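Report on the following structure.
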Amino acid sequence: MGNAIDIQGVTKKYGSLKALDNATFSVPEGMMFGLIGPDGAGKTTLYKILTTLLSPDAGTATVAGLDAVKDYKRIRAEIGYMPERFSLYPDLTVNENLNFFASLFGVRVADNYDLIAPVFSQLAKFPNRRAGALSGGMKQKLALSCALIHRPKVLLLDEPTTGVDAVSRSEFWDMLATLKEKGITILVSTSYMDEARRCERIALINRGRILDVNTPSKLVESLEENLYNASAKEMYPLLEALRSLPGVKKCYTFGATLHIVTENDFNPAGAVSRLSDMGLTHVSISPAKGDVEDLFIKLADNG
């Protein structure tokens, strides 16, 4: 099995801003691969290079065995691309958008309907509804259907679930798993750490640099820190107070709680007592298990 995507030393600058800095990683054929990082990390710039919309200043990128600069016309027939923002025609109906994108690639909707059927089934009930009038989840399904209608080898998804409700996000990832089973290679970027767990491998990116690449479980295993959950009735005052305590190296929000990274000699019971003396109530500190988000915060700080 070869690599569907191969990125070697890719660098891209916008004036003095280095959007990508010697980015290097590869995506094997048939894999669900995640590109994980915050806004401004360089994810969209990398996608523009892979989709031949930008050329790198240095380095090389190949998709489906084709060079992103030399073979840009051929690459466009081998990839499906779904940008972060809804990019279909809002004044066209569901069916008109789908037929339009099929015609761009010289295929009929019927030719590849079996591929999009699991995604398109709900939209098929509203063939004449204008795309602009669809809900966020339905727009997402239509955009994915249009990206798949020519049966691409590689699917490139740039933060596809941004601004979508939690149920639609979950449904979308279920659909991606089905597509992966059909042999389509998927590179999906996200700033949602919970979505990273659904990828087979992930690349962590920040400030244009690839920080690490591995499976989610292997990456989390590399966390060798004293990590605790913390909560109290007054969460923001707790955050400030914990950051001032001796033995606390780092404290940050983690869902509805806080995560604390500490020195080896940190005493949870002593910290609870001290925080209570500072006027905080219902204080709780307990051992925590690290996650991808904890690892990303660590790598981003070190980088």
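All figures in this text were calculated on a predicted structure; none of them were measured in a lab.
- Note that the OG atom of S217 and the CZ atom of R201 stand 10.0 Å from one another [nearest 0.5 Å].
- Pairs passing the side-chain hydrogen bond (donor to acceptor under 3.5 Å, both in side chains) check and including a residue from residues 232-247, sequence neighbours excluded, read E234-T281, Y236-E240.
- Between the side chain of K43 and the backbone N or O of I205, no donor-acceptor pair lies under 3.5 Å.
- Each of I49, L46, T24, I210 was checked for a side chain to side chain contact (heavy atoms under 4.5 Å, CB included) with I7, and the lone residue meeting it is L46.
- Residues that satisfy the salt bridge (charged side-chain N to carboxylate O under 4.0 Å, His left out) test with D291, not counting sequence neighbours, are R197.
- You'll find the side chain of E200 stays beyond 4.5 Å of the side chain of T215, heavy atoms only.
- At a threshold of 4.5 Å between side-chain heavy atoms, the hydrophobic network of Ile, Leu, Val, Met, Phe, Trp and Tyr places V10 and V213 in one connected group.
- Considering all non-hydrogen atoms of both residues, L238 and S231 come closest at CD2-C, 3.5 Å.
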_side-chain contact (heavy atoms from CB on, under 4.5 Å) between L157 and L187, worked out_ = CA-CA 6 Å; L157 307 173; L187 176 63; over 6 Å; no

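- Cluster annotation: L156 is not connected to L179 through the hydrophobic network of ILVMFWY side chains, with a link wherever side-chain heavy atoms come within less than 4.5 Å.
- In this structure F266 satisfies the ring-ring contact (aromatic ring centres under 6.0 Å, His included) test together with Y228, sequence neighbours excluded.
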*Determine, stepwise, if the pair L242 / L275 fulfils side-chain contact (heavy atoms from CB on, under 4.5 Å).*
CA-CA 8 Å; L242 280 167; L275 291 166; 3.8 Å; yes

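- Here the shortest heavy-atom pairing between C251 and L239 reads SG-CD1, 3.5 Å.
- Side-chain contact between L144 and P160 is absent, with no heavy atoms from C-beta onward closer than 4.5 Å.
- Rounding to the nearest 0.5 Å gives a distance of 5.5 Å between CG of D21 and OG1 of T11.
- For residues 126-152, every residue pair satisfying the side-chain hydrogen bond (donor to acceptor under 3.5 Å, both in side chains) rule, not counting sequence neighbours, is listed here: N112-R151, D114-R151, K141-E171.
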*asked:* Would N99 and S103 count as a side-chain contact (heavy atoms from CB on, under 4.5 Å) here? Give the steps.
replied: CA-CA 6 Å; N99 280 285; S103 68; over 6 Å; no

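- Every pair passing side-chain hydrogen bond (donor to acceptor under 3.5 Å, both in side chains) that includes a residue from residues 256-273 is listed here, sequence neighbours excluded: N226-N264, N229-T257, N229-H259, H259-D294.
- G290 and V220 get closest at one heavy-atom pair: O-CG1, 3.3 Å.
- If you take CG on L20 and OH on Y14, they are separated by 7.0 Å, rounding to the nearest 0.5 Å.
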Please table the atom pairs, donor to acceptor, closer than 3.5 Å between any side-chain atom in residues 116-126 and protein atoms at least two apart or in another chain.
none

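- Applying the side-chain hydrogen bond (donor to acceptor under 3.5 Å, both in side chains) rule to pairs touching residues 79-93 yields T93-E96, sequence neighbours excluded.
- Partners of R198 under the salt bridge (charged side-chain N to carboxylate O under 4.0 Å, His left out) rule, at least two apart in sequence or in another chain, are D174.
- Contacts of D39 classified as salt bridge (charged side-chain N to carboxylate O under 4.0 Å, His left out), with partners at least two apart in sequence or in another chain: none.
- Residues V272 and L227 are members of separate hydrophobic clusters, defined by side-chain heavy-atom contacts under 4.5 angstrom among Ile, Leu, Val, Met, Phe, Trp and Tyr.
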_Derivation of the side-chain contact (heavy atoms from CB on, under 4.5 Å) call for I79 and L50_ = CA-CA 9 Å; I79 62 173; L50 294 176; over 6 Å; no

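- Connection of L211 to F33 is not established within any shared hydrophobic cluster, with ILVMFWY side chains joined at heavy-atom distances below 4.5 Å, either directly or through further cluster members.
- Of all the heavy atoms in P152 and G80, the pair that sits closest is CB-N, 3.4 Å.
- Between K153 and T185, the closest side-chain pair of non-hydrogen atoms is not below 4.5 Å.
- Between T161 and E195 the shortest side-chain heavy-atom distance falls below 4.5 Å.
- Summarising the geometry, atom CD1 belonging to I75 is positioned 6.5 Å from atom CG belonging to D67; distances are rounded to the nearest 0.5 Å.
- Using a 4.5 Å heavy-atom threshold, the side chains of P237 and L280 count as touching.
- Judged purely by atom type and a 3.5 angstrom limit, D111 has no side-chain atom pairing as donor or acceptor with the backbone of V107.
- If you take OG1 on T45 and NZ on K18, they are separated by 13.5 Å, rounding to the nearest 0.5 Å.
- Contact check for L35 versus I202: no side-chain heavy atoms found under the 4.5 Å cut-off.
- By the salt bridge (charged side-chain N to carboxylate O under 4.0 Å, His left out) test, D6 is found to be paired with no residue, residues two or more places apart in sequence or in another chain being considered.
- The nearest pair of heavy atoms linking A4 to V154 is CB-CG2, 4.0 Å.
- When all heavy atoms of E29 and N3 are compared, the closest pair comes out as CG-C, 4.1 Å.
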Name the atoms and distances for all side-chain donor-acceptor pairs under 3.5 Å in residues 53-66, with sequence neighbours left out.
residue : atom : partner : partner atom : Å
D57     : OD2  : K13     : N            : 2.7

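- In this model, a donor atom of one side chain and an acceptor atom of the other lie less than 3.5 Å apart for D158 and S189.
- Connection of M82 to L155 is established within a shared hydrophobic cluster, with ILVMFWY side chains joined at heavy-atom distances below 4.5 Å, either directly or through further cluster members.
- For Y72, the ring-ring contact (aromatic ring centres under 6.0 Å, His included) test picks out no residue, with sequence neighbours left out.
- Atom-to-atom distance recorded for K182:NZ and L148:CG is 10.5 Å, nearest 0.5 angstrom.
- S170 contributes no side-chain N or O that, together with a main-chain N or O of V167, makes up a donor-acceptor pair within less than 3.5 Å.
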